[in-house]
Amino acid sequence: MTVGVLGAGALGQLLAHQLAAADLSVTLLRRPGTTDRQISHTLHPLNGPEQRRSLTHVASDTPLPLSLVLVLTKAQDCLNALAPLLSWLPESVPVVLLHNGLGPQQAAAERWPERPWWAGSLSDGALALNPHTVRHTGQGTRRAGPLSVSVQAMAMPAPLAQLGFEYDAEVMTALWQKLTVNLLINPLTARDRVTNGTLLHRDYLATLRQLADEAAAVGQASGHADSPAAILDRALSVASATANNRSSMLQDIEAGRPTELDAITGYLLQQARRYGLPCPGHQALYQQLQG
Ligand SMILES: NC(=O)C1=CN([C@@H]2O[C@H](COP(=O)(O)OP(=O)(O)OC[C@H]3O[C@@H](n4cnc5c(N)ncnc54)[C@H](OP(=O)(O)O)[C@@H]3O)[C@@H](O)[C@H]2O)C=CC1
Ligand SMILES: CC(C)(CO)C(=O)C(=O)O
């Protein structure tokens, strides 16, 4: 059986190489209408020489014997990318949503309630040098866990364990915590066009505190007991560990691509409206970065 990777970008290629290196069969699932073919891909790993592999590309609306699907599109593309695949994929095949941000996970589980949904997050760095060459720029932690109630008794699919994912029974907490990091780092670095480490300068502290306070209030209203201090500390330690990185939102803006703003700040603002909580700091960033 084969693992399907939907989203053949930076992270999708990295995980496809790593699955193939673990002797697992893997197929990159491309947009409908794409011609099926074998393509030579190159991985620049964290250590050691470059690796070349021939990877199979198949259009996502072509039925295949898949045992698992990893979804590595950007958040805003996730539901559209899933629709042609789920039109034929047997309902027993687990699907793992791995994009940043929140919102599409719940939307997918509501739209296709019979599916065994998993979700997770990675803090690796991966940079696509061209459509068939990827550089692994940072080893991160990887967590995944059940999203659907029907999956809660299931063991984690073996390929996830082989990729180094840790099982997390409370995956929504992990996703919330990753969201808070992205909420504090991504919009500010994208607005000011600065590296993550620039946010450690004292000029940013008052703004980061405000963003953490607002996020904590929304988190507490929606069931995440996360304090403003914990949110601020988490973001500052990630900014320090990734000081030279340009956040994914900044990279998207610089490349003229759509950003994941709606699944990050947009998601928080949607929850804030639901609970009647003001979030002027996040609202201002959203307006500055929108469109
Ligand atoms: N890169 C990184 O270091 C990290 C990324 N992440 C998160 O992982 C996710 C993926 O990131 P990344 O790999 O950088 O993103 P990329 O933009 O590099 O890749 C996204 C891929 O999704 C594909 N795609 C979009 N729509 C469809 C569709 N309808 N059908 C099939 N494929 C589709 C795109 O295909 P096409 O080429 O045809 O446009 C593209 O190859 C994001 O949520 C990101 O925030 C998390 C941690 C680190
Ligand atoms: C952790 C962080 C902020 C690293 O740059 C990230 O997830 C991103 O850029 O989207």
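Start at 1 and go down the list; that is how both ligands and their atoms are numbered. In this text the structure is predicted, and so the values were computed from the model without any measurement. Excluded from the calculations below are hydrogen atoms, water molecules and symmetry mates; all remaining heavy atoms, backbone and side chain alike, are included.
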If you measure every N or O of [X] against every N or O of ligand 1, does any of those distances drop under 3.5 Å?
{"X": "Ala10", "value": "yes"}
{"X": "Glu260", "value": "yes"}
{"X": "Leu122", "value": "no"}
{"X": "Asn100", "value": "yes"}

Report the nearest protein non-hydrogen atom to [atom]: residue, atom name, distance rounded to 0.1 Å.
{"atom": "atom 37 (O) of ligand 1", "answer": "Arg30 NH2, 3.6 Å"}
{"atom": "atom 5 (C) of ligand 1", "answer": "Leu11 CD2, 3.5 Å"}
{"atom": "atom 28 (C) of ligand 1", "answer": "Ala81 CB, 3.5 Å"}

I'd like to check which ligand 2 atoms, numbered from 1 as shown, lie under 4.0 Å from a non-hydrogen atom of [X].
{"X": "Asn182", "result": "3 (C), 6 (C), 7 (O), 8 (C), 10 (O)"}
{"X": "Ser247", "result": "5 (O), 9 (O)"}
{"X": "Asn100", "result": "7 (O), 10 (O)"}
{"X": "Ile185", "result": "3 (C)"}
{"X": "Val238", "result": "1 (C)"}

Out of [options], indicate the one that has the non-hydrogen atom closest to [atom].
{"atom": "atom 8 (C) of ligand 2", "options": "Ser248, Ala241, Gly125", "answer": "Ser248"}
{"atom": "atom 35 (O) of ligand 1", "options": "His136, Arg31, Arg257", "answer": "Arg31"}
{"atom": "atom 24 (N) of ligand 1", "options": "Asp124, Thr73, Thr137, Thr259", "answer": "Thr73"}

Close-contact set for ligand 1 against Gly125 heavy atoms, below 4.0 Å: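 Those qualifying, in numeric order: 3 (O).
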
Sub-4.0 Å heavy-atom approach of Ala126 to ligand 1: yes

Within-shell test, Ser60 vs ligand 1, heavy atom, strictly < 4.0 Å: no

Min heavy-atom dist Lys178 to ligand 2 below 4.0 Å: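 Contact present.
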
